Structures are given as C-alpha cells and as structure tokens.
Protein chains: 2
Amino acid sequence: MFSKTSYLCNMEIIDINKALANQTRLNILKWLKDPEANFKPHEDLGHFNDGVCVFHITERAGLSQSTISTYLIQMQKASLIIPTRHGKWTYYKRNEAVISEYIRALNNQL
Amino acid sequence: MFSKTSYLCNMEIIDINKALANQTRLNILKWLKDPEANFKPHEDLGHFNDGVCVFHITERAGLSQSTISTYLIQMQKASLIIPTRHGKWTYYKRNEAVISEYIRALNNQL
DNA sequence: AGAACATATCTACATATCTAGATTTAAGGA
DNA sequence: TCCTTAAATCTAGATATGTAGATATGTTCT
C-alpha cells in the first residue's frame with residue numbers, strides 16, 4: 001500500500017523554489033495566509049473560503065494584471081495554490097498540504 | 001538586547017531560493033552533507049573538515065569547471081556554503097547555521 | 001624563474017524570466 | 001444580443017540565468 005503522505009519529487013521542489021525566488025510571489029503566498037488582514041472583503045462573495053480573487057491580489061501587489069495572472073498560474077503549476085472559479089472571478093487559495101510537505105521535504109533532504 | 005539567533009531577511013531568503021532553484025546546485029548542497037559517501041577522499045588533505053574541493057565537485061557534477069566555480073560562488077554569496085583555501089585548492093563546506101535558519105524561517109513565515 | 005595545476009574571472013551566446021500592453025475568452029447584466 | 005468586467009493568453013523587449021571556452025590569478029614544485 002501507499003503511504004498517506006504525498007512526497008514531492010526533485011523536479012517539483014525545483015519548481016517550488018523557482019516560484020518562491022521572487023519577492024512578489026513570495027509575498028502573495030504569505031498574504032494568502034491571512035486574507036482578512038491583507039485584503040478588503042470581497043463584496044460579491046462575502047468570505048475567503050476559496051481564497052482571494054486575482055483583481056484584489058493585483059491591486060495589493062501593484063503590478064499589472066497580466067503579470068499577476070502569469071505569476072499565479074506559475075504558482076498553481078508548482079502546486080502552491082489552488083484556483084476556484086466563481087462566476088467571472090478566479091479565487092486562489094494556498095495549497096496547505098503541498099506547502100507543509102515542501103517544508104518537510106526540505107527538513108529531511110536539505 | 002539582540003537575540004542570539006541570526007534572522008534572515010527577505011532578500012537573503014530570495015537569494016537562497018534562487019540558489020536552490022537549480023538541480024545541480026541543490027545536488028551540491030546535498031552531496032556536501034556527506035562528503036565521505038559522495039566524493040573520493042582528497043589525497044593531499046586526508047579529511048573533509050573544510051568540505052570538498054572544486055575539482056571533485058566539478059567531477060561529480062559533470063559540468064565545466066567554470067560553471068561549477070560560478071555556481072559555488074553564487075551559493076557562497078547566498079551564505080549557503082563557506083570556502084576555505086588550502087594551498088591551491090578551495091574547499092567548500094555547508095554553512096549549517098544558515099541552512100537551518102533558512103528552514104526555520106520558512107517554517108515560521110511561509 | 002619557469003612549468004604545472006586549481007580556481008576564478010572574462011566573454012559570449014542560448015535560453016529563461018520579468019513585466020506590461022494588447023487581445024481574447026468567459027461570465028454577468030442591461 | 002450587446003456591453004461591461006475579470007482573467008487568461010499573446011506579443012514583445014529588457015534583463016537575468018545557464019553554460020562553456022579562453023584567459024588570468026594564485027600556489028606549488030623543480
């Protein structure tokens with residue numbers, strides 16, 4: 001049988017390190033840890049269950065919409081965040097399982 | 001008073017993430033964890049107290065001497081490794097204090 | 001001093017990343 | 001259906017990274 005924990009392979013760790021090798025992307029991951037503290041409440045949804053929408057992240061980061069969209073997709077490909085579509089908004093939330101597995105992997109391997 | 005532990009600032013974490021966003025550099029850091037297992041003994045010195053010389057790391061990595069030298073200097077600038085000159089050889093060993101501080105910082109901040 | 005060797009630096013080129021404006025796609029509302 | 005808005009994709013130029021060959025520097029040996 002397989003263990004319950006998911007192990008990250010080398011390549012995935014490299015992709016995560018690349019994603020976190022940029023101040024804005026690192027900030028985004030930290031901001032998403034506490035959406036209430038870092039973003040204004042989203043009027044149409046009223047909660048942060050699925051994270052924060054691209055528009056608000058763009059606003060907070062101060063870079064262009066296309067740049068932030070590109071960053072978020074890169075972070076999503078590295079499995080750091082999870083997108084959820086609500087109507088015309090895309091919400092991104094942290095993938096806590098992968099983030100803690102990543103830290104555990106560094107602890108063991110580094 | 002200041003705490004005894006040294007804290008890594010944001011910029012240093014980014015530099016470490018950049019250094020670790022490459023398979024060869026990540027490998028080098030892991031290899032240096034156990035020089036006996038990963039490198040042949042150095043004839044002229046007979047121990048690994050100061051790590052492993054560039055020549056042996058180059059040999060193990062299979063990239064050019066100039067590439068590995070460049071990588072090692074980048075890792076040193078990110079404080080991940082410490083160079084020691086013995087005659088014509090430069091030995092590099094892990095900077096364990098920074099590495100564990102880095103992991104601790106990720107644990108706290110990520 | 002001169003030869004030989006280990007490492008660092010310089011130069012160069014290919015590829016990747018950063019970033020934004022323009023365009024396209026998808027969804028909602030008039 | 002048409003207009004508006006949010007987000008993704010396309011295009012492009014500036015900058016950074018990956019990587020190696022050539023050269024310079026520092027050290028040891030003869």
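Computed over heavy atoms, backbone and side chain alike; hydrogens, waters and symmetry mates excluded. Predicted model only: the values in this text are computed from it and were never measured. Naming convention: chains lettered A, B, ... in sequence-line order (proteins, then strands); numbering from 1 in each chain.
Closest-nucleotide positions on DNA chain C for B:Cys53 and A:Ser64 were compared, and the one nearer the 5' end corresponds to B:Cys53. Each of B:Gln74 and B:Gln65 was matched to the nucleotide of DNA chain D holding its nearest heavy atom; the match closer to the 5' end belongs to B:Gln74.
Between B:Trp89 atom CH2 and D:dT28 atom P there is a gap of 8 Å when expressed in whole angstrom units. What separates NZ of B:Lys77 from C1' of C:dT9 is a distance of 11 Å, to the nearest Å. For A:Gln23 and C:dT17, the CD to C1' distance is 16 Å, given to the nearest whole Å. Atom pair A:Ile73:CD1 and D:dC10:C1' shows a separation of 12 Å (rounding to whole Å applied). The nearest whole Å value for the distance from the CG atom in A:Asp15 to the P atom in C:dT17 is 9 Å. Between the P atom of D:dG26 and the NE2 atom of B:His86 lies a distance of 19 Å, rounded to the nearest Å. Atom OH of B:Tyr71 is separated from atom C1' of C:dT9 by 16 Å (rounded to the nearest Å). Atom-to-atom, CD1 of B:Ile68 to P of D:dA20 comes out at 8 Å; the value is rounded to the nearest Å.
Note on A:Thr90: only backbone sugar-phosphate atoms sit closer than 4.0 angstrom, heavy atoms only; bases stay farther off. Counting any heavy atom pair closer than 4.0 Å across all strands shown, B:Leu72 reaches no nucleic acid atom.
Comparing C:dT17, C:dC10, C:dA20 by their nearest atom to the side chain of B:Ser66 picks out C:dC10. For A:Asn22, the side-chain atoms get nearest to C:dC18 when compared with the rest of D:dG18, C:dC18, D:dT17. Nearest nucleotide to the B:Leu63 side chain, out of D:dT9, D:dT19, D:dT27: D:dT19. Candidate nucleotides C:dA6, D:dA20, D:dA7 were compared by shortest atom distance to the side chain of B:Lys88, and C:dA6 ranks first. Of the candidates C:dA6, C:dT9, C:dA8, the closest approach to any side-chain atom of B:Tyr92 belongs to C:dA8. Side-chain atoms of B:Arg25 lie closest to D:dG18 of the nucleotides D:dT19, D:dG18, C:dA20. For A:Lys18, counting side-chain heavy atoms from C-beta on, the closest listed nucleotide (C:dT7, C:dA20, C:dT17) is C:dT17.
Other residues, nucleotides and ligands contribute over 12 non-hydrogen atoms within 6.0 Å of the NZ atom of B:Lys30.
Side-chain contact, B:Tyr102 with B:Asn17: a donor N or O sits under 3.5 Å from an acceptor N or O.
Formation of a donor-acceptor pair under 3.5 Å by the A:Thr67 side chain with backbone atoms of A:Leu63 is not found in this model.
Distance check: A:Glu101 CD to A:Ile13 CD1 gives 8.5 Å after rounding to the nearest 0.5 Å. Residue A:Tyr7 holds its OH atom at 5.0 Å from CZ of A:Arg104, rounded to the nearest 0.5 Å.
For the OP1/OP2 pair of D:dA8 and a distance below 4.0 Å, the side-chain nitrogens and oxygens of A:Ser69 include at least one atom meeting the criterion.
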